Amino acid sequence: MSNHQALDRWVAQVAELCQPDEIVWCDGSEAQYQEMIGRMLATGSAVKLSEKKKPNSILVRSDPADVARVEDRTFICSEKEEDAGPTNNWADPAEMKQKLDGLFKGCMRGRTMYVVPFSMGPVGSDIAHIGVELSDSPYVVANMMIMTRVGQPVLDVLGEDGYFVPCVHSVGYPLVLTDGTTRDDIPWPCDSDNKYITHFPETREVWSYGSGYGGNALLGKKCFALRIASVMARDQGWMAEHMLILKLTSPEGAVKHIAAAFPSACGKTNLAMMTPTLPGWKVETVGDDIAWMKFKEDGCLHAINPEAGFFGVAPGTNYKTNPNAMESMKENAIFTNVGMTPDGDVWWEDIDRPAPDHLIDWLGQEWVHYDSTHKAAHPNARFTAPASQCPVIADNWEDPAGVKIDAILFGGRRSTGQPLVLESFSWEHGTFLGSTMASQKTAAAAGKVGELRFDPMAMLPFCGYHMGDYFKHWLDMGDQGGDKMPRIFYVNWFRRAQDGHFLWPGFGENARVLKWVFERCDGQAEATQTPIGHLPTPGALDLSGLDLPEEDLAELLDVDTEHWLQKVPVFRKHYAQFGAKLPGRLADQLDQLEQRLNDAT
Ligand code: O2Y
Ligand code: MN
């Protein structure tokens with residue numbers, strides 16, 4: 001029970017529907033975290049890792065049918081279909097509520113319903129917002145305790161009548177069936193044929209059924225902090241974005257904060273924790289996935305990371321690609337769907353040590369290195385780790401006032417055409433760049449590898465309303481902020497030469513691009529105007545100590561007019577789907593691009 005009558009009433013209503021055996025309120029304490037781990041160990045949901053190798057850490061293996069976010073089972077249930085727009089699955093809210101009523105009825109029989117009051121952002125920050133997740137999964141509770149701020153301090157801020165976003169989650173595997181028969185629990189309960197990840201933008205609710213995994217079940221993350229928050233942000237005049245936030249310090253000690261939107265699986269966590277190769281430059285992490293930005297008294301946008309942990313992809317993460325992520329998960333971590341070595345440690349593909357002769361793979365089966373035909377870890381295997389354990393976490397990462405954002409980067413995977421970096425001509429042109437953002441598909445997403453998929457502002461799976469209205473919101477924000485808005489850049493670390501090699505080394509060398517961005521914000525670094533934006537002059541990028549062939553640099557900064565002219569009709573087709581909701585100013589931006597390209601030929 002809390003002091004908040006509406007909250008207590010809602011908890012009682014959901015309990016009446018789901019019929020759990022007991023209700024437990026989460027206080028956010030270490031003892032309660034250990035209680036969740038203990039419950040998972042007892043039911044076989046989790047395996048304890050070696051205290052020597054990974055202190056206070058567990059491994060969890062999911063059902064093979066429940067391994068990732070499910071975009072085709074994710075619904076925006078707005079009153080009007082047109083408000084969900086062409087990029088979302090829409091469902092009628094009344095019909096969906098009826099369906100959910102059927103699914104949730106009795107779904108927690110034989111289980112405990114946990115009440116998880118959580119703050120997205122530092123507790124009490126005026127950029128933060130509160131949610132309450134009701135879930136029947138100890139795995140979800142433990143993850144939420146790492147990923148968000150949970151417990152009594154949140155209820156204290158909520159007081160007697162504070163606002164919270166209600167989030168209901170069930171794995172959909174009751175232990176007592178309707179006919180009264182009982183069944184034993186299983187390591188990863190779910191209802192994989194009946195997943196529904198549903199959002200109600202008008203009433204700002206989330207109902208998630210059938211999956212226990214990541215973004216489907218940790219409802220503070222994608223469901224609240226992006227889909228519902230994007231609606232709140234539109235209505236209240238702020239921004240909820242799929243962006244990392246980093247703090248960049250120059251050798252002279254000057255600081256700028258940069259937010260960056262890249263599609264999923266394009267290296268956001270690596271950039272947020274990067275170790276610069278340029279002497280004297282420092283990158284520190286404020287957040288690796290989501291940014292909430294509001295105007296403050298100075299007229300500038302200030303951002304918080306609404307999360308408190310990382311839910312990062314394990315495969316490919318190692319001491320070369322991201323030593324700070326490796327250090328962050330050294331202890332007090334939850335690993336999901338990775339391999340387990342005989343000495344009780346974790347292993348995954350491209351970790352920086354060879355596979356032992358044998359291990360237990362993510363399916364829980366014996367895996368023998370020399371004749372293995374499948375991967376030891378699932379490609380979407382994850383680590384959950386507290387952000388406070390990151391060696392380069394910024395000292396101000398929990399500042400309730402947020403950090404002033406100086407620059408926004410857009411980017412994606414583009415093997416041709418897109419230069420290493422460019423700066424937009426204006427906020428409006430930057431909005432155009434974000435709205436036409438596209439990335440080549442990786443093996444992680446459905447579809448042909450290498451195919452270009454538009455992912456405006458990296459929000460395609462996460463915008464809770466019509467994308468055309470979302471573009472308008474960006475323009476409105478720009479109108480409000482005027483010349484105090486962050487500068488907007490577009491970066492591409494993935495351009496390839498004719499022979500297929502990557503032209504840019506990436507990782508710590510990306511600091512050279514960040515330095516140019518930093519200096520542009522101060523009106524210092526040189527740029528040339530091209531039809532697609534301002535590009536660094538050949539001498540403006542600091543390439544000292546980097547053995548980059550001259551022809552590679554030329555190609556990285558080349559603007560191929562023919563390539564871009566071919567893109568214009570592709571952009572027009574992309575824009576056409578937004579119909580009358582496409583802001584005229586963006587259609588004008590596209591016309592102006594075409595004009596500039598024609599003038600240049
Ligand atoms: O597969 C999932 O449920 C996780 S998706 C995810 C997790 C952390 C950060 N970003 C993402 C994403 O898909 O963008
Ligand atoms: Mn993400």
Side-chain angles (χ1 to χ4, degrees), residues 60 62-74 120 137 139-140 143-144 146-148 169 171 188 190 192 195 197 206 208 210-227 229-230 240-245 259-273 285 287-292 305-317 322 325 328-329 333-338 362 377-387 390 409-413 437 439 441-446 453 455-464:
V60 179
S62 80
D63 184 304
D66 193 20
V67 292
R69 284 191 297 106
V70 280
E71 289 179 20
D72 58 333
R73 305 303 307 158
T74 299
M120 296 311 292
S137 162
Y139 170 81
V140 164
N143 273 275
M144 285 293 286
I146 295 177
M147 294 303 297
T148 71
H169 168 253
V171 294
W188 185 275
C190 62
S192 54
K195 292 178 193 160
I197 321 302
V206 182
S208 167
S211 166
Y213 204 89
N216 302 331
L218 314 179
L219 301 186
K221 194 171 178 58
K222 303 297 187 179
C223 297
F224 175 6
L226 288 176
R227 297 193 192 98
S230 62
E241 301 296 332
H242 189 203
M243 291 180 182
L244 66 88
I245 309 167
F262 303 149
S264 308
C266 284
K268 283 219 311 285
T269 303
N270 290 351
L271 184 65
M273 299 179 189
T285 314
D288 80 326
D289 195 40
I290 299 175
W292 282 358
N305 168 13
E307 302 190 278
F310 309 123
F311 189 66
V313 179
T317 304
N322 195 338
S328 306
M329 61 175 109
I334 299 173
F335 295 88
T336 308
N337 288 346
V338 302
W362 73 276
H378 186 277
N380 193 38
R382 297 276 164 173
F383 62 87
T384 320
C390 179
L409 313 185
F410 293 125
R413 250 170 225 280
M437 212 173 114
S439 191
K441 282 183 186 159
T442 63
R453 158 167 133 147
D455 189 351
M457 284 85 170
M459 284 289 277
L460 186 74
F462 306 123
C463 183

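Note: hydrogens, waters and symmetry copies are ignored here, and every other heavy atom, side chains too, is used. In listed order, ligands and their atoms are each counted from 1. What you see is a predicted model, and the numbers here were worked out from it, not measured in a lab.
Here the heavy atom of the protein found nearest to atom 14 (O) of ligand 1 is S264 OG, 2.6 Å. With hydrogens left out, the protein atom closest to atom 7 (C) of ligand 1 is R382 NH1, 3.1 Å, a heavy atom. The protein heavy-atom contact nearest to atom 9 (C) of ligand 1 is D289 OD2, 3.2 Å.
Here K268 has no heavy atoms under 4.0 Å from ligand 1, in either its backbone or its side chain.
Between the side chain of N322 and the main chain of T317, no donor-acceptor pair closer than 3.5 Å is present. R413 places a side-chain N or O within donor-acceptor distance of the main-chain N or O of A265, the cut-off being under 3.5 Å. Not one N or O on the side chain of R227 forms a donor-acceptor pair closer than 3.5 Å with the backbone of C463. Under the 3.5 Å distance criterion, the side-chain polar atoms of N337 are matched with a main-chain donor or acceptor of S62. One N or O on the side chain of H242 and one on the backbone of A458 form a donor-acceptor pair closer than 3.5 Å.
In summary, an N, O or S atom of K222 is located under 2.8 Å from the Mn ion (ligand 2).
Residue contacts with ligand 1 leave out F310, since none of its heavy atoms falls under 4.0 Å from the ligand.
Inclusion of V67 in the set of residues having an N or O under 3.5 Å from an N or O of ligand 1 is not warranted. In terms of polar-atom proximity, defined here as any N/O pair under 3.5 Å, K221 makes no such contact with ligand 1. Considering backbone and side-chain atoms together, R69 places an N or O closer than 3.5 Å to an N or O of ligand 1. Considering backbone and side-chain N/O atoms, Y213 never comes within less than 3.5 Å of an N/O atom of ligand 1.
Angle subtended at the Mn ion (ligand 2) by D289 OD1 and H242 NE2: 90°, rounded to 10 degrees.
Taking the six-membered ring where the residue is Trp, W362 and H378 present perpendicular rings, their angle passing 60° and hence far from 30°.
Listed by number with element, the atoms of ligand 1 under 4.0 angstrom from any heavy atom of H242 are 14 (O). If you number the atoms of ligand 1 from 1 as listed, the ones under 4.0 Å from a heavy atom of G215 come out as 2 (C), 3 (O). Annotation for ligand 1: atoms under 4.0 Å from non-hydrogen atoms of A68 are 1 (O). Less than 4.0 angstrom separates some heavy atom of F311 from each of these atoms of ligand 1: 4 (C), 7 (C), 8 (C). Applying the 4.0 Å criterion to heavy atoms of G214 picks out, from ligand 1, the atoms 3 (O). Ligand-side atoms of ligand 1 in range of K222: 6 (C), 9 (C), 10 (N), 11 (C), 12 (C), 14 (O), range being under 4.0 angstrom from any heavy atom. Atom numbering of ligand 1 starts at 1 in the shown order; those under 4.0 Å from a heavy atom of N380 are 1 (O), 2 (C).
The nearest pair of heavy atoms linking P379 to P315 is O-CG, 3.8 Å. Between A225 and M120, the shortest heavy-atom contact is CB-CE, 4.0 Å.
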_If you apply the rule side-chain hydrogen bond (donor to acceptor under 3.5 Å, both in side chains), what do you find for N143 with T384, and how did you get there?_
CA-CA 7 Å; N143 273 275; T384 320; 2.7 Å; yes
_As a quick check of understanding, evaluate side-chain hydrogen bond (donor to acceptor under 3.5 Å, both in side chains) for D455 and S439, giving each step before the final call._
CA-CA 7 Å; D455 189 351; S439 191; over 6 Å; no
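A salt bridge links E71 to R453: one of the charged nitrogens lies within less than 4.0 Å of a carboxylate oxygen.
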